[in-house]
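Written out below as C-alpha coordinates is the structure these notes cover.
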Amino acid sequence: MKNVGQSADYAAITARQKETWAAGDFNQIARQNVCMAEALCDAVDLHAGERVLDVACGSGTAALVASRRYCDVVGIDYVAALIERARHRAVADDLDAEFHVGDAQDLPFPDASFDAVLSVYGVQFAPDQEQAANEMLRVCRPGGRIALASPIPEGWSGDFFATNAKYVPPPAGIKPPLRWGTEVGLEELLGAGTRSISSEKRTALQYYRSIEHAGDVFLRYFGPAIRASQADSGRGLRGDLEAVFDRYNRATDGTAVIENTYLLTVAIRA
(Lines give C-alpha, C1' and ligand atoms only; values in the text may rest on other atoms or scores of the structure.)
Protein backbone atom coordinates (compact mmCIF):
# COMPACT_ATOMS: atom_id res chain seq x y z
CA MET A 1 0.00 0.00 0.00
CA LYS A 2 2.96 2.32 0.41
CA ASN A 3 3.55 4.14 -2.86
CA VAL A 4 7.02 4.78 -4.25
CA GLY A 5 8.16 8.32 -3.57
CA GLN A 6 5.76 8.88 -0.67
CA SER A 7 7.01 9.26 2.87
CA ALA A 8 3.88 7.97 4.59
CA ASP A 9 3.68 4.23 5.29
CA TYR A 10 -0.03 3.89 4.62
CA ALA A 11 -0.19 0.20 5.54
CA ALA A 12 1.32 0.81 8.99
CA ILE A 13 -0.80 3.91 9.58
CA THR A 14 -3.95 2.05 8.53
CA ALA A 15 -3.16 -0.76 10.97
CA ARG A 16 -2.73 1.69 13.85
CA GLN A 17 -5.84 3.56 12.81
CA LYS A 18 -7.85 0.36 12.78
CA GLU A 19 -6.83 -0.32 16.39
CA THR A 20 -7.81 3.21 17.35
CA TRP A 21 -11.27 3.04 15.81
CA ALA A 22 -11.81 -0.40 17.34
CA ALA A 23 -11.33 1.07 20.82
CA GLY A 24 -14.54 1.99 22.62
CA ASP A 25 -17.83 1.62 20.75
CA PHE A 26 -18.30 3.94 17.78
CA ASN A 27 -21.97 2.95 17.54
CA GLN A 28 -22.56 5.18 20.57
CA ILE A 29 -21.11 8.13 18.63
CA ALA A 30 -22.82 7.30 15.32
CA ARG A 31 -26.28 7.56 16.90
CA GLN A 32 -25.86 11.33 16.52
CA ASN A 33 -25.15 10.96 12.78
CA VAL A 34 -28.51 9.54 11.68
CA CYS A 35 -29.68 12.96 10.48
CA MET A 36 -26.59 13.21 8.24
CA ALA A 37 -27.28 9.78 6.75
CA GLU A 38 -30.88 10.74 6.04
CA ALA A 39 -29.72 14.00 4.45
CA LEU A 40 -27.35 12.08 2.13
CA CYS A 41 -30.06 9.67 1.03
CA ASP A 42 -32.39 12.60 0.34
CA ALA A 43 -29.67 14.52 -1.52
CA VAL A 44 -29.10 11.70 -4.02
CA ASP A 45 -32.80 10.75 -4.10
CA LEU A 46 -32.25 7.04 -3.55
CA HIS A 47 -34.96 4.85 -5.05
CA ALA A 48 -35.92 1.25 -4.34
CA GLY A 49 -33.77 -1.26 -6.18
CA GLU A 50 -30.73 0.97 -6.58
CA ARG A 51 -27.44 -0.61 -5.56
CA VAL A 52 -25.83 1.43 -2.78
CA LEU A 53 -22.45 1.20 -1.04
CA ASP A 54 -21.78 2.74 2.40
CA VAL A 55 -18.00 3.20 2.68
CA ALA A 56 -16.41 3.10 6.15
CA CYS A 57 -19.93 2.40 7.36
CA GLY A 58 -19.16 1.90 11.04
CA SER A 59 -22.22 0.27 12.62
CA GLY A 60 -24.21 0.78 9.42
CA THR A 61 -26.00 4.08 9.97
CA ALA A 62 -26.22 5.28 6.34
CA ALA A 63 -26.56 1.74 5.00
CA LEU A 64 -29.62 1.11 7.15
CA VAL A 65 -31.25 4.38 6.12
CA ALA A 66 -30.78 3.37 2.47
CA SER A 67 -32.08 -0.12 3.19
CA ARG A 68 -35.32 1.35 4.56
CA ARG A 69 -35.88 2.70 1.05
CA TYR A 70 -35.62 -0.88 -0.31
CA CYS A 71 -32.27 -0.22 -1.93
CA ASP A 72 -29.85 -3.12 -2.42
CA VAL A 73 -27.28 -2.07 0.17
CA VAL A 74 -23.73 -3.08 1.01
CA GLY A 75 -21.72 -1.61 3.90
CA ILE A 76 -17.97 -2.00 4.43
CA ASP A 77 -15.70 -1.10 7.34
CA TYR A 78 -12.34 -2.35 8.56
CA VAL A 79 -13.46 -2.74 12.20
CA ALA A 80 -14.94 -6.22 12.53
CA ALA A 81 -16.87 -5.44 15.72
CA LEU A 82 -18.67 -2.56 14.01
CA ILE A 83 -19.61 -4.75 11.07
CA GLU A 84 -21.01 -7.32 13.48
CA ARG A 85 -23.01 -4.54 15.17
CA ALA A 86 -24.32 -3.40 11.77
CA ARG A 87 -25.50 -6.93 11.03
CA HIS A 88 -27.29 -7.13 14.38
CA ARG A 89 -28.96 -3.78 13.74
CA ALA A 90 -30.18 -4.94 10.33
CA VAL A 91 -31.66 -8.11 11.84
CA ALA A 92 -33.29 -6.17 14.68
CA ASP A 93 -34.97 -3.82 12.20
CA ASP A 94 -35.79 -6.62 9.73
CA LEU A 95 -33.76 -4.91 7.01
CA ASP A 96 -32.01 -6.59 4.10
CA ALA A 97 -28.46 -5.21 4.01
CA GLU A 98 -25.11 -6.86 3.42
CA PHE A 99 -22.03 -5.98 5.49
CA HIS A 100 -18.37 -6.85 4.94
CA VAL A 101 -15.08 -6.26 6.73
CA GLY A 102 -12.80 -4.35 4.36
CA ASP A 103 -10.75 -1.24 3.70
CA ALA A 104 -12.00 1.93 1.98
CA GLN A 105 -8.59 2.10 0.29
CA ASP A 106 -9.05 -1.32 -1.35
CA LEU A 107 -12.73 -1.95 -2.02
CA PRO A 108 -13.45 -5.60 -2.91
CA PHE A 109 -16.02 -4.82 -5.61
CA PRO A 110 -15.91 -4.74 -9.42
CA ASP A 111 -15.79 -1.51 -11.38
CA ALA A 112 -19.07 0.40 -11.80
CA SER A 113 -20.95 -1.89 -9.38
CA PHE A 114 -23.01 0.75 -7.54
CA ASP A 115 -25.54 3.42 -8.44
CA ALA A 116 -24.64 5.44 -5.35
CA VAL A 117 -21.70 5.50 -2.95
CA LEU A 118 -22.19 7.10 0.49
CA SER A 119 -19.96 7.95 3.43
CA VAL A 120 -20.77 9.78 6.66
CA TYR A 121 -17.61 10.90 8.51
CA GLY A 122 -15.99 7.67 7.30
CA VAL A 123 -13.89 7.59 4.13
CA GLN A 124 -12.52 11.00 5.15
CA PHE A 125 -10.30 9.31 7.73
CA ALA A 126 -8.58 6.94 5.28
CA PRO A 127 -4.83 7.71 5.39
CA ASP A 128 -4.33 7.50 1.62
CA GLN A 129 -7.01 9.96 0.58
CA GLU A 130 -6.26 9.80 -3.14
CA GLN A 131 -6.52 6.02 -3.13
CA ALA A 132 -9.78 6.06 -1.17
CA ALA A 133 -11.25 8.65 -3.54
CA ASN A 134 -10.14 6.63 -6.56
CA GLU A 135 -11.76 3.51 -5.14
CA MET A 136 -15.10 5.26 -4.64
CA LEU A 137 -14.94 6.57 -8.20
CA ARG A 138 -13.99 3.14 -9.54
CA VAL A 139 -16.92 1.25 -8.00
CA CYS A 140 -19.50 3.94 -8.84
CA ARG A 141 -21.10 3.54 -12.27
CA PRO A 142 -20.88 6.35 -14.84
CA GLY A 143 -23.62 8.83 -14.04
CA GLY A 144 -23.89 7.44 -10.51
CA ARG A 145 -23.72 9.57 -7.36
CA ILE A 146 -21.14 9.89 -4.61
CA ALA A 147 -22.57 11.53 -1.48
CA LEU A 148 -20.47 12.59 1.49
CA ALA A 149 -21.06 14.13 4.88
CA SER A 150 -17.65 15.57 5.75
CA PRO A 151 -16.16 17.42 8.73
CA ILE A 152 -15.08 20.97 7.92
CA PRO A 153 -12.08 22.96 9.19
CA GLU A 154 -14.24 25.42 11.10
CA GLY A 155 -16.98 24.90 13.68
CA TRP A 156 -17.35 22.02 16.14
CA SER A 157 -15.63 19.39 13.97
CA GLY A 158 -12.58 21.55 13.28
CA ASP A 159 -12.21 22.53 16.93
CA PHE A 160 -12.81 19.00 18.20
CA PHE A 161 -10.21 17.35 15.97
CA ALA A 162 -7.70 20.15 16.57
CA THR A 163 -8.10 19.64 20.32
CA ASN A 164 -7.67 15.88 20.03
CA ALA A 165 -4.55 16.42 17.90
CA LYS A 166 -2.91 18.39 20.71
CA TYR A 167 -2.62 15.12 22.61
CA VAL A 168 -2.13 12.67 19.72
CA PRO A 169 -0.66 14.48 16.70
CA PRO A 170 -1.53 13.00 13.29
CA PRO A 171 1.07 10.79 11.57
CA ALA A 172 3.68 12.57 9.47
CA GLY A 173 2.87 12.83 5.79
CA ILE A 174 -0.89 12.40 6.19
CA LYS A 175 -3.26 15.08 4.94
CA PRO A 176 -6.01 16.11 7.39
CA PRO A 177 -9.48 14.51 7.11
CA LEU A 178 -10.89 18.06 7.08
CA ARG A 179 -9.54 18.39 3.54
CA TRP A 180 -12.70 16.55 2.41
CA GLY A 181 -14.71 19.40 3.89
CA THR A 182 -13.27 22.00 1.50
CA GLU A 183 -14.07 22.75 -2.14
CA VAL A 184 -10.38 22.70 -3.05
CA GLY A 185 -9.85 19.32 -1.43
CA LEU A 186 -12.92 17.79 -3.08
CA GLU A 187 -11.82 19.04 -6.48
CA GLU A 188 -8.36 17.56 -5.95
CA LEU A 189 -9.75 14.23 -4.83
CA LEU A 190 -12.82 13.75 -7.04
CA GLY A 191 -12.72 16.39 -9.75
CA ALA A 192 -10.98 14.37 -12.47
CA GLY A 193 -13.49 11.52 -12.21
CA THR A 194 -16.73 13.47 -11.95
CA ARG A 195 -19.03 15.57 -14.12
CA SER A 196 -19.94 17.89 -11.28
CA ILE A 197 -19.42 18.42 -7.56
CA SER A 198 -21.93 20.39 -5.50
CA SER A 199 -21.63 21.07 -1.80
CA GLU A 200 -23.49 22.95 0.89
CA LYS A 201 -23.01 23.41 4.60
CA ARG A 202 -25.60 21.73 6.78
CA THR A 203 -26.18 21.61 10.53
CA ALA A 204 -26.47 18.42 12.56
CA LEU A 205 -27.44 18.66 16.22
CA GLN A 206 -25.98 16.33 18.86
CA TYR A 207 -27.99 15.80 22.05
CA TYR A 208 -26.53 15.00 25.48
CA ARG A 209 -27.67 15.20 29.09
CA SER A 210 -25.05 17.86 29.83
CA ILE A 211 -21.67 19.13 28.66
CA GLU A 212 -20.07 16.72 31.13
CA HIS A 213 -22.10 13.86 29.68
CA ALA A 214 -20.90 14.77 26.17
CA GLY A 215 -17.33 14.56 27.43
CA ASP A 216 -18.07 11.21 29.09
CA VAL A 217 -19.52 9.75 25.88
CA PHE A 218 -16.51 10.67 23.74
CA LEU A 219 -13.90 9.68 26.30
CA ARG A 220 -15.58 6.32 26.82
CA TYR A 221 -16.63 5.40 23.27
CA PHE A 222 -14.74 7.45 20.65
CA GLY A 223 -11.49 5.73 19.67
CA PRO A 224 -9.37 8.85 18.90
CA ALA A 225 -10.45 10.49 22.17
CA ILE A 226 -9.66 7.29 24.08
CA ARG A 227 -6.17 7.26 22.57
CA ALA A 228 -5.74 10.95 23.40
CA SER A 229 -6.79 10.32 27.00
CA GLN A 230 -4.14 7.60 27.28
CA ALA A 231 -1.55 10.16 26.17
CA ASP A 232 -2.96 12.95 28.34
CA SER A 233 -0.68 12.66 31.41
CA GLY A 234 -2.89 15.07 33.30
CA ARG A 235 -2.68 17.89 30.73
CA GLY A 236 -6.41 18.50 30.68
CA LEU A 237 -7.95 16.71 27.72
CA ARG A 238 -11.36 16.44 29.36
CA GLY A 239 -11.47 20.14 30.13
CA ASP A 240 -10.37 21.02 26.61
CA LEU A 241 -12.99 18.78 25.01
CA GLU A 242 -15.75 20.06 27.27
CA ALA A 243 -14.78 23.62 26.34
CA VAL A 244 -15.33 22.72 22.67
CA PHE A 245 -18.74 21.22 23.42
CA ASP A 246 -19.69 24.26 25.48
CA ARG A 247 -18.66 26.63 22.67
CA TYR A 248 -21.24 25.09 20.32
CA ASN A 249 -24.00 24.34 22.84
CA ARG A 250 -27.42 25.74 21.93
CA ALA A 251 -29.22 24.52 25.05
CA THR A 252 -30.00 26.80 27.98
CA ASP A 253 -31.65 24.27 30.30
CA GLY A 254 -28.54 22.48 31.58
CA THR A 255 -28.57 19.87 28.83
CA ALA A 256 -26.36 20.00 25.74
CA VAL A 257 -27.48 20.47 22.13
CA ILE A 258 -24.27 20.74 20.14
CA GLU A 259 -24.34 22.46 16.75
CA ASN A 260 -22.13 20.64 14.27
CA THR A 261 -21.75 22.19 10.82
CA TYR A 262 -20.67 19.73 8.15
CA LEU A 263 -20.32 19.71 4.36
CA LEU A 264 -22.87 17.72 2.37
CA THR A 265 -21.42 16.89 -1.06
CA VAL A 266 -22.93 15.21 -4.11
CA ALA A 267 -20.59 14.33 -6.98
CA ILE A 268 -21.81 12.86 -10.28
CA ARG A 269 -19.52 10.22 -11.71
CA ALA A 270 -18.17 10.98 -15.18
To the nearest 0.5 Å, atom OG1 of T255 lies from atom CZ of R209 at 11.0 Å

In one Ile/Leu/Val/Met/Phe/Trp/Tyr side-chain cluster, 4.5 Å: F114, I146 | yes

Under the side chain to side chain contact (heavy atoms under 4.5 Å, CB included) criterion, do V74 and F109 qualify, and how do the steps go?
-> CA-CA 10 Å; V74 180; F109 308 109; 3.7 Å; yes

Test item: D77 and W21 side chains (from C-beta on) under 4.5 Å apart, heavy atoms | no

Q105 side chain to Q131 main-chain N or O, any donor-acceptor pair under 3.5 Å?
-> no

Please determine if E84 and R87 form a salt bridge, counting it only when a charged side-chain N lies under 4.0 Å from a carboxylate O.
-> yes

Between L137 and L189 the two heavy atoms that sit nearest each other are CD1-O, 4.2 Å

Heavy-atom distance under 4.5 Å between the side chains of R145 and E50, does that happen here?
-> yes

Can you label the angle between the F245 ring and the Y208 ring as parallel, tilted or perpendicular, going by 30° and 60°?
-> perpendicular

How long is the span from the NZ atom in K201 to the CG atom in L264, to the nearest 0.5 Å?
-> 13.5 Å

Hey, could you give me the CZ/CD distance between R138 and E135, rounded to the nearest 0.5 Å?
-> 4.0 Å

Indicate yes or no: at least one non-hydrogen side-chain atom of V65 is less than 4.5 angstrom from one of L40.
-> no

Ignoring hydrogens and geometry, is there a side-chain-to-backbone donor-acceptor pair from Q206 to A214 under 3.5 Å?
-> no

Can you find a heavy atom in the side chain of W180 that is under 4.5 Å from one in the side chain of L148?
-> yes

One should read off an interatomic distance between E183 CD and T265 OG1, to the nearest 0.5 angstrom, of 8.5 Å

Compute whether any side-chain donor of one residue and acceptor of the other, for Y78 and T14, lie under 3.5 angstrom apart.
-> no

Please confirm whether F222 and F160 have ring centers closer than 6.0 angstrom.
-> yes

Pairs touching residues 32-42 that satisfy side chain to side chain donor-acceptor pair (under 3.5 Å), sequence neighbours left out = D42-R69

State the CD1-OG distance between I268 and S196, to the nearest 0.5 angstrom.
-> 5.0 Å

Are the side chain of D232 and the backbone of L237 linked by a donor-acceptor contact shorter than 3.5 Å?
-> yes

Partners passing side-chain hydrogen bond (donor to acceptor under 3.5 Å, both in side chains) against S59 (at least two apart in sequence or in another chain) | N27, R89

